[in-house]
Amino acid sequence: MRKKIVAGNWKMNLTREAGTMLISEVVNMVRDEVNSQVQVVLCMPYPYLGFAKRMFRSQANIALGAQNCHEKPAGAYTGEVSASILRSFEVDYVIVGHSERREYFKESDELLAEKVRQVLANQMTPIFCCGESLALRQNGDYVGFVKQQLTTGLFHLPAQDFIRVVIAYEPIWAIGTGLTASPEQAQEMHAALRQHIANHYGETVAAHTTLLYGGSCNAQNAPSLFACPDVDGGLIGGASLKSREFVNICKSLPA
Ligand code: PGA
């Protein structure tokens with residue numbers, strides 16, 4: 001069985017007091033309301049990582065996530081954070097290749113392949129993001145484009161490492177826009193990606209790979225998206241900043 005995951009991506013939001021309150025509200029609600037088979041991941045800005053884990057250490061179904069890491073193991077890279085530093089603060093998951101980083105920080109799939117390697121080498125789980133632009137969705141081979149992102153970013157991995165990766169399909173046109181992919185659009189892409197994985201790694205690996213959907217996911221649309229056979233959960237941006245909304249999304253994922 002593949003893992004069911006709902007990951008919240010706070011992005012660059014919430015200062016200390018509001019962020020700490022959000023963590024404690026989510027921790028309490030997840031403990032009381034969310035099926036323990038659903039893995040909840042909170043991906044927060046770096047400064048939170050040093051203390052957040054203490055707030056949910058005893059709850060196995062909440063994990064700590066970072067939003068990025070550097071591609072080199074250590075060294076003179078002022079302002080950057082390595083995968084080994086993250087691991088030493090008990091981080092479990094790292095988002096790699098979010099479309100905002102691809103766009104604003106010019107991160108290529110080749111660079112992301114290095115980041116994935118670092119995350120895995122430090123016993124954490126990469127959440128590898130992929131997805132097409134609106135122009136490509138309207139006029140191009142959008143499925144081929146996203147498959148290629150996987151090929152370049154991930155298919156260098158041997159199967160025993162690849163099975164530790166979580167993939168998040170996030171169409172860029174749906175991120176922060178209120179325009180969600182329909183369940184049919186999400187399922188079409190997820191099924192194509194699973195087939196692409198099967199062609200490279202075989203059916204067993206593909207069947208065990210967790211594929212998340214992200215892009216304007218909220219408590220209203222999550223149930224129909226999560227009902228798709230190849231959607232194994234979500235990567236949630238804006239809606240992860242509101243405890244009630246986020247936990248309702250977590251509750252709508254069938255365990
Ligand atoms: P959104 O962001 O839910 O606010 O659209 C999703 C993401 O960027 O991970």
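Side-chain atoms are counted along with the backbone in the values below, which use heavy atoms only and exclude waters and symmetry mates. Start at 1 and go down the list; that is how both ligands and their atoms are numbered.
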Determine the interplanar angle of the F155 and F162 rings, folded into 0 to 90°, and report it as parallel if under 30°, tilted if 30 to 60°, perpendicular if over 60°.
perpendicular
By number and element, which atoms of ligand 1 are closer than 4.0 Å to a non-hydrogen atom of N9?
9 (O)
With heavy atoms under 4.0 Å as the rule, classify the contact between A174 and ligand 1 as side chain, backbone, both or neither.
backbone
Is the charged tip of R54 near the ring of F51: under 6.0 Å from the six-membered ring centre and within 45° of its axis?
no
Check the side chains of T151 and H200 for a donor-acceptor pair under 3.5 angstrom, ignoring hydrogens and angles.
no
Does any N or O atom in T177 lie less than 3.5 angstrom from one in ligand 1, N or O only?
no
Decide yes or no for Q67 and M12: does some side-chain heavy atom of the first lie under 4.5 Å from some side-chain heavy atom of the second?
no
Would A239 count as a contact residue for ligand 1, given that I'm defining contact as a non-hydrogen atom of the residue lying under 4.0 Å from a ligand atom?
no
For H98, the ligand 1 atoms whose distance to one of its heavy atoms is below 4.0 Å:
7 (C), 8 (O), 9 (O)
Heavy-atom side-chain contact between F56 and L42 under 4.5 Å:
yes
Would you check the N or O atoms of G238, main chain and side chain alike, for any that come under 3.5 Å of an N or O of ligand 1?
yes
Could you tell me which atoms of ligand 1, counted from 1 in the order shown, lie closer than 4.0 angstrom to a heavy atom of K11?
2 (O), 7 (C), 8 (O)
Are any non-hydrogen side-chain atoms of M189 and Y142 less than 4.5 angstrom apart?
yes
Can you see whether Y169 engages Q149 through a side-chain donor-acceptor pair at a distance of less than 3.5 angstrom?
no
May I ask whether G214 has any heavy atom positioned less than 4.0 angstrom from an atom of ligand 1?
no
Looking at E170, which atoms of ligand 1 are within less than 4.0 Å of one of its heavy atoms?
6 (C), 7 (C), 8 (O), 9 (O)
Is it true that E80 and K72 have a side-chain N and a carboxylate O under 4.0 angstrom from each other?
no
Contacting atoms of ligand 1, where contact means under 4.0 angstrom from a heavy atom of G215
5 (O)
With a 4.0 Å cut-off, would you call R102 and D109 a salt bridge?
yes
With respect to G176, determine whether any N or O atom, backbone or side chain, lies less than 3.5 Å from an N or O atom of ligand 1.
yes
N or O contact, G237 vs ligand 1, cut-off under 3.5 Å
yes
Examine the proximity of ligand 1 to I175 and report which part, side chain or backbone, both or neither, has a heavy atom under 4.0 Å away.
both
